[in-house]
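Here, residue 1 is the first one in the sequence, and each next residue gets the next number. What you see is a predicted model; the values in this text were computed from it and never measured. Whatever order the structure lists ligands and atoms in, that order sets their numbers, starting from 1.
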Amino acid sequence: MWIGKLSCFVQLIFILSLFQVPAFAIKKSYIVYLGSHAHGPEVSEADLHRVTDSHSEFLGSFLGSTQKAKEAIIYSYKRHINGFAAILEDEEAAEIAKHPKVVSVFLNQGRQLHTTHSWDFMLLEKDGVIHPTSLWKRARFGEDTIIGNLDTGVWAESESFSDEGIGPIPAKWKGICQNDTTGFPCNRKLIGARYFNKGYASYAGAPLRSSFNSARDHEGHGSHTLSTAAGNFVAGANVFGLGNGTAKGGSPKARVAAYKVCWPPINGSECFDADIMAAFDAAIHDGVDVLSVSLGGDPSNYLDDGLSIGAFHAVKNGIVVVCSAGNSGPAAGTVSNVAPWMITVGASTLDREFQAIVQLQNGLRLKGTSLSKPLPEDRFYPLITGAQAKAANASAHDAMLCIGGTLC
Ligand SMILES: *[C@@H]1O[C@H](CO)[C@@H](O)[C@H](O)[C@H]1NC(C)=O
Ligand SMILES: *[C@@H]1O[C@H](CO)[C@@H](O)[C@H](O)[C@H]1NC(C)=O
Ligand SMILES: *[C@@H]1O[C@H](CO)[C@@H](O)[C@H](O)[C@H]1NC(C)=O
Ligand SMILES: *[C@@H]1O[C@H](CO)[C@@H](O)[C@H](O)[C@H]1NC(C)=O
């Protein structure tokens with residue numbers, strides 16, 4: 001793959017040197033943020049066309065023609081957020097930023113996925129029994145609340161998204177279920193799914209395979225965060241028999257909608273601002289009540305940050321935006337997603353551990369933690385290091401990171 005790209009690049013240089021083309025400016029995807037729209041929350045088709053035209057005319061005044069502008073624009077944010085994402089040269093971006101109509105111009109940057117955990121401390125139930133005064137009862141388990149998430153999509157067939165015991169789709173819902181080649185099934189629980197990949201594709205610099213035109217979660221993070229927020233009750237959930245119990249989200253009867261904005265990482269970036277802003281604009285239109293966003297990056301100026309801008313427009317429209325604080329430090333107290341209109345949640349610790357005992361031949365018993373299946377207890381095994389605990393085709397490096405094919 002990499003070699004393939006390198007050889008194309010070498011060929012390109014060779015062709016360029018043949019024709020003595022002058023040095024060309026490198027283009028990158030930028031977001032031009034224009035604030036709010038003149039139109040109100042009820043948007044007609046005519047309004048949408050007007051906005052698209054105004055974006056291409058505005059950009060055209062810098063690029064020399066409306067046609068060039070239309071080719072450069074990858075997204076027009078038309079409904080709630082006003083702005084567009086476009087492939088531009090640095091100089092063009094700098095020129096556009098000077099225009100009085102423009103709030104900010106910033107690079108379409110990549111962000112990283114986060115993880116949130118856990119409802120277990122919140123005393124909504126005890127040993128699987130829900131107390132009459134539990135907040136869950138008073139909140140009717142989140143019934144008819146619509147929770148959207150911006151993440152890696154969703155595994156629609158997961159039992160957490162079964163619509164058993166869930167009534168008809170709320171009348172206010174205006175979202176869609178974007179189909180794909182595998183047949184993407186929504187239901188009365190998972191009421192919407194959309195994907196946004198143009199910002200990612202512009203960074204990747206190559207056309208995406210057709211499997212990218214799908215809200216399906218091939219990674220797992222989005223299904224995890226969405227089911228943590230609002231998964232239905234699933235009895236007998238366990239890992240090799242460990243942690244066996246009824247899995248459920250914080251609002252088990254809420255409806256959910258997935259907005260897929262995160263894709264396989266390129267240079268450590270997986271969720272791009274241009275896509276994030278398009279997802280916010282769609283989610284506000286669709287009618288979500290809450291947005292859960294477990295991704296982020298280094299804090300930056302709010303006006304140069306698609307997540308802060310998207311969340312701002314969502315909150316302005318009465319949506320609660322809940323973000324993760326991040327897992328990567330570097331300091332114990334480091335948080336991302338710091339805009340004051342976000343509710344940012346930090347995880348601290350767990351209230352359970354998965355104990356495993358190792359007994360040595362001399363009788364010494366050592367307590368540790370493991371999520372693996374116990375070994376048969378009929379004999380002793382040699383002591384090995386973590387790096388050695390792997391299948392023949394896995395690397396020692398994989399073993400140290402507990403990747404598939406290794407033992408942890
Ligand atoms: C979704 O796509 C699949 C596969 O192309 C197709 O079989 C199915 O009929 C489509 N469903 C809808 C609702 O369009
Ligand atoms: C990823 O990083 C490498 C090495 O820094 C760089 O050569 C490459 O252009 C980057 N890829 C993208 C898509 O930016
Ligand atoms: C999990 O618990 C349920 C209910 O107590 C039980 O029926 C089931 O066999 C358990 N599953 C495992 C793998 O332990
Ligand atoms: C290693 O072998 C297993 C079993 O044959 C296979 O499932 C797995 O994909 C292989 N892993 C790699 C990294 O080749």
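In this structure, atom 2 (O) of ligand 1 has a protein heavy-atom contact shorter than 4.0 Å. For atom 11 (N) of ligand 3, the nearest protein heavy atom lies closer than 4.0 Å.
Residue contacts with ligand 1 include D180, since one or more of its heavy atoms lies under 4.0 Å from the ligand.
In terms of modelled atom types and a separation under 3.5 Å, the side chain of R79 and the main chain of A282 share no donor-acceptor contact. In this structure, the side chain of K248 does not engage the main chain of N232 through any donor-acceptor pair within 3.5 Å.
Summary of contacts: the protein heavy atom closest to atom 6 (C) of ligand 1 is N179 ND2, 4.2 Å. Here the heavy atom of the protein found nearest to atom 4 (C) of ligand 1 is T181 O, 3.4 Å. Of the protein's heavy atoms, N238 ND2, 3.5 Å lies nearest to atom 13 (C) of ligand 3. The shortest contact between atom 8 (C) of ligand 3 and any protein heavy atom is with N244 ND2, 3.8 Å.
Below 30°, between 30° and 60°, or above 60°: for F233 and W136 the angle between ring planes is above 60°, a perpendicular geometry. The aromatic rings of F212 and Y200 sit parallel to each other, their planes meeting at less than 30°, with 60° as the upper class boundary. H37 and H39 have parallel rings, their planes meeting at less than 30° on a 0 to 90° scale where 60° marks the start of perpendicular. Using cut-offs of 30° and 60° on the angle between ring planes, the pair F272 and Y203 is tilted.
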